[in-house]
Amino acid sequence: MSTEEKRVWVYAAVALAIPVVYFTVVLRQLPGADVTRITYIPALLTAIGVAVLANIVASIATAIAAPKEAGLKDERDAGIRRYGQRAEYYVLAVGVVGVFALTLAGAAHFWIANALYLAFVLSALASAIARIVAYRRGF
């Protein structure tokens, strides 16, 4: 397994684990609550910060584990990266249309912010899954 593929696996794990924790914490407050009173902003910013930091630390750890392979990238890696980015853009575009619809409908900021975060999470997962499949089966 190449270093780039390892990074994609780590990215997928972080892109799944952190939002699961975030949505568990925030949605637990939802039953019977007024969404305008739910404190989600600190948790959302923490989730984003932890995800960024976790990906940075994991990338460094992956490079340290195999220092000779750390900088090696070839045309296949570049093609797979572009393939994953296309999947990411399509999913994000659909998600943003949903967020736009919520905004036009006058939904509470809680729903808009969480829908936007979910769109980013799903786009990251789509990218990671597309890249993993491409590494495993070709593209």
Side-chain angles (χ1 to χ4, degrees):
M1 184 182 302
S2 71
T3 303
E4 284 300 307
E5 186 179 354
K6 289 176 189 174
R7 286 183 181 151
V8 173
W9 277 101
V10 169
Y11 182 73
V14 170
L16 182 62
I18 302 297
V20 165
V21 171
Y22 167 76
F23 283 118
T24 301
V25 167
V26 171
L27 295 180
R28 200 176 326 153
Q29 301 175 47
L30 193 57
D34 178 16
V35 293
T36 60
R37 299 196 185 277
I38 294 176
T39 56
Y40 66 93
I41 295 172
L44 180 59
L45 295 176
T46 301
I48 292 168
V50 167
V52 169
L53 187 61
N55 275 310
I56 290 170
V57 169
S59 289
I60 291 170
T62 304
I64 290 172
K68 292 182 181 178
E69 297 176 15
L72 298 178
K73 295 179 185 178
D74 59 11
E75 290 179 27
R76 182 173 181 253
D77 290 324
I80 289 173
R81 182 180 199 83
R82 283 190 302 273
Y83 180 70
Q85 285 175 335
R86 279 194 300 272
E88 181 177 10
Y89 294 147
Y90 292 134
V91 172
L92 186 59
V94 170
V96 168
V97 168
V99 172
F100 187 61
L102 283 173
T103 304
L104 292 177
H109 290 153
F110 173 85
W111 295 115
I112 294 169
N114 283 290
L116 187 58
Y117 181 57
L118 182 62
F120 279 114
V121 167
L122 293 176
S123 70
L125 288 172
S127 172
I129 290 168
R131 290 171 69 183
I132 289 168
V133 168
Y135 274 114
R136 291 292 160 176
R137 295 186 184 163
F139 70 106

Shared ILVMFWY cluster between Val50 and Leu45, side chains joined below 4.5 angstrom?
yes
Interatomic distance, CD1@Ile38 vs CG@Leu30, rounded to 0.5 Å, equals 5.0 Å
Taking a hydrophobic cluster as the set of Ile, Leu, Val, Met, Phe, Trp and Tyr residues connected by side-chain heavy atoms closer than 4.5 Å, whether directly or through intermediates, do Leu102 and Leu116 fall within one such cluster?
yes
Nearest heavy-atom contact between Ala126 and Val91 is CB-CG2, 3.5 Å
Evaluate Glu4 against Tyr135 for side chain to side chain contact (heavy atoms under 4.5 Å, CB included), listing each step before the verdict.
CA-CA 10 Å; Glu4 284 300 307; Tyr135 274 114; 3.2 Å; yes
Steps toward side chain to side chain contact (heavy atoms under 4.5 Å, CB included) verdict (Asn114, Leu118)
CA-CA 6 Å; Asn114 283 290; Leu118 182 62; over 6 Å; no
Note: Gly84 and Ala130 closest approach over all heavy atoms is CA-CB, 4.2 Å
Kindly compute the distance separating CD (Gln29) from CG (Asp34), expressed to the nearest 0.5 Å.
12.0 Å
Given the rule that I, L, V, M, F, W and Y join up when any side-chain heavy atoms are under 4.5 Å apart, are Trp111 and Leu44 in one cluster?
yes
So, the side chain of Ser127 versus the backbone of Ser123: is there a donor-acceptor pair under 3.5 Å, distance only?
no
For the hydrophobic clusters of this structure (ILVMFWY residues joined by side-chain heavy atoms under 4.5 Å, transitively), does one cluster hold both Val35 and Tyr40?
yes
Output for pair (Thr46 OG1, Ile41 CD1), nearest 0.5 Å, gives 11.5 Å
Point-to-point distance, once rounded to the nearest 0.5 Å, from CD of Glu75 to CD1 of Ile80:
12.0 Å
Correct closest heavy-atom pair for Leu125 and Ala12 would be CD2-O, 3.8 Å
Write down the atom of Pro19, the atom of Leu16, and the distance for their closest heavy-atom approach.
CD-O, 3.5 Å
Does one hydrophobic cluster hold both Val96 and Leu104, with members joined at side-chain heavy-atom distances below 4.5 Å?
no
Would you say CZ of Phe23 has more than 12 non-hydrogen atoms from neighbouring residues, nucleotides or ligands within 6.0 angstrom?
yes
State, to 0.1 Å, how close Ala58 and Val10 come at their nearest heavy-atom pair, and which atoms those are.
CB-CG1, 3.0 Å
In this structure, CZ of Arg131 is separated from CD of Glu5 (nearest 0.5 Å) by 10.0 Å
Atom pair CD1 (Ile132) and CZ (Arg137), whose distance is rounded to the nearest 0.5 Å
12.0 Å
Of the options Val20, Val26, Thr24, Val25, which is the one that meets Tyr22 in a side-chain contact (heavy atoms from CB on, under 4.5 Å)?
Val26
Audit row: Thr36, Phe110, side chain to side chain contact (heavy atoms under 4.5 Å, CB included) steps and yes/no
CA-CA 7 Å; Thr36 60; Phe110 173 85; over 6 Å; no
